[in-house]
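Take a look at the structure set out below.
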Amino acid sequence: MMRVWAFIDNNGKLCCALFPEAVPQGVEPTPFDVDSPDDLVLDNGEIRLKTTEEKLSEAKANLFAELKTLTASLLAPTDYVIIKIAEATELGQDTTELKQYYADKLNQRQQIRQFNDETENAISQATSFEELEQIRESMTQFANTIRS
């Protein structure tokens, strides 16, 4: 926990100071004990602590973004396979041999997409920060498995 002094600046923006001396003169700050200055929100002109639900919602949004980035990074090394198959299809060529040749890469892409879908669902249904941390750990483990 840390103490911050929150105030609304001249532009109507929420600001936090880590020391009372850092608050501009003529401004009346409100002290808060927080884990992070991000725990505060300006709500209809009033400074308040975010609710647990708001914090959980933000944590979910952040984890969704991490998952999206992770999935893209895991798929990227095999994108050339999809491009080759799409190009062959566009040229009217039979893609059977290409699909057989790249079967392991196509299977890996399917595993990545399945993991992504299952993880999105798990994030959506999570009801605690602990669950989200477990999901983040499973994402790391999965990525390490795919990359090895």
Side-chain angles (χ1 to χ4, degrees), residues 1-19 22 29-148:
M1 270 304 185
M2 66 164 72
R3 179 155 279 220
V4 297
W5 287 263
F7 59 94
I8 302 170
D9 71 6
N10 294 334
N11 297 321
K13 193 173 178 183
L14 173 62
C15 296
C16 291
L18 298 178
F19 304 99
T30 305
F32 287 93
D33 292 319
V34 296
D35 291 323
S36 162
D38 291 336
D39 291 348
L40 296 173
V41 66
L42 185 59
D43 186 12
N44 293 321
E46 296 292 323
I47 302 170
R48 67 170 175 80
L49 289 168
K50 290 179 184 173
T51 65
T52 301
E53 293 79 21
E54 288 171 320
K55 290 180 188 181
L56 188 62
S57 179
E58 285 181 359
K60 285 182 177 187
N62 291 338
L63 196 54
F64 276 124
E66 286 179 40
L67 177 62
K68 181 178 180 179
T69 300
L70 175 65
T71 299
S73 74
L74 294 175
L75 289 171
T78 59
D79 283 348
Y80 72 94
V81 172
I82 299 304
I83 293 168
K84 280 182 120 175
I85 293 170
E87 183 178 49
T89 301
E90 185 65 29
L91 296 172
Q93 298 172 352
D94 182 8
T95 59
T96 304
E97 285 184 29
L98 277 174
K99 289 178 181 177
Q100 289 173 346
Y101 183 76
Y102 290 115
D104 59 329
K105 299 291 184 193
L106 293 170
N107 183 44
Q108 183 182 51
R109 289 179 67 87
Q110 180 58 35
Q111 289 175 357
I112 294 166
R113 292 204 179 279
Q114 182 178 348
F115 180 81
N116 180 78
D117 293 346
E118 291 169 357
T119 304
E120 281 182 350
N121 189 41
I123 294 169
S124 293
Q125 294 181 8
T127 59
S128 70
F129 295 104
E130 292 79 17
E131 285 178 81
L132 293 179
E133 189 53 39
Q134 289 172 353
I135 293 167
R136 180 176 279 110
E137 289 173 14
S138 74
M139 289 167 51
T140 300
Q141 291 171 353
F142 181 78
N144 290 339
T145 300
I146 292 295
R147 289 180 177 137
S148 62

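Below, all heavy atoms of this structure are taken into account, side chains as well, without hydrogens, waters or symmetry copies.
Within the 3.5 Å criterion, the main-chain N or O of Gly12 finds a donor-acceptor partner in the side chain of Asp9. Distance alone, capped at 3.5 Å, is enough to place a donor-acceptor pair between the Asp39 side chain and the Ser36 backbone. Under a 3.5 Å cut-off, the side chain of Glu54 and the backbone N or O of Thr51 do form a donor-acceptor pair.
Between the side chains of Glu118 and Gln114, a donor-acceptor pair is found at a separation under 3.5 Å. Judged by distance alone, the side chains of Thr127 and Glu131 do bring a donor and an acceptor atom under 3.5 Å apart.
Side-chain contact between Ser138 and Phe115 is present, with heavy atoms from C-beta onward closer than 4.5 Å. A heavy-atom distance below 4.5 Å is found between the side chains of Leu74 and Arg147. Here the side chains of Gln100 and Thr96 are in contact, with some heavy-atom distance below 4.5 Å. Side-chain contact between Pro31 and Val4: absent, with no pair of heavy atoms (C-beta onward) separated by less than 4.5 Å.
Residues Ile112 and Phe142 share a closest heavy-atom pair of CA-CZ, 3.9 Å. The nearest pair of heavy atoms linking Met1 to Asp35 is SD-OD1, 3.7 Å. A pairwise comparison of heavy atoms in Ala126 and Leu56 identifies O-CD2, 4.2 Å as the closest pair. Across Phe7 and Pro29, no two heavy atoms sit closer than the pair CB-CA, 4.2 Å. Closest approach of Gly45 and Ile8 over heavy atoms only: O-CD1, 3.4 Å. Between Leu67 and Ile123, the shortest heavy-atom contact is CD2-CD1, 4.2 Å.
Within a 6.0 Å radius of OH in Tyr80, other residues, nucleotides and ligands contribute more than 12 heavy atoms. More than 12 heavy atoms of other residues, nucleotides or ligands lie within 6.0 Å of CG in Asn107, so this atom counts as buried by the packing criterion.
Shown here are the salt bridge (Lys or Arg N to Asp or Glu O under 4.0 Å) partners of Asp33, two or more places apart in sequence or in another chain: Arg3. Residues passing the side-chain hydrogen bond (donor to acceptor under 3.5 Å, both in side chains) test with Thr78 are Arg109, sequence neighbours excluded.
Every pair passing salt bridge (Lys or Arg N to Asp or Glu O under 4.0 Å) that includes a residue from residues 57-68 is listed here, sequence neighbours excluded: Lys50-Glu58, Glu66-Arg136.
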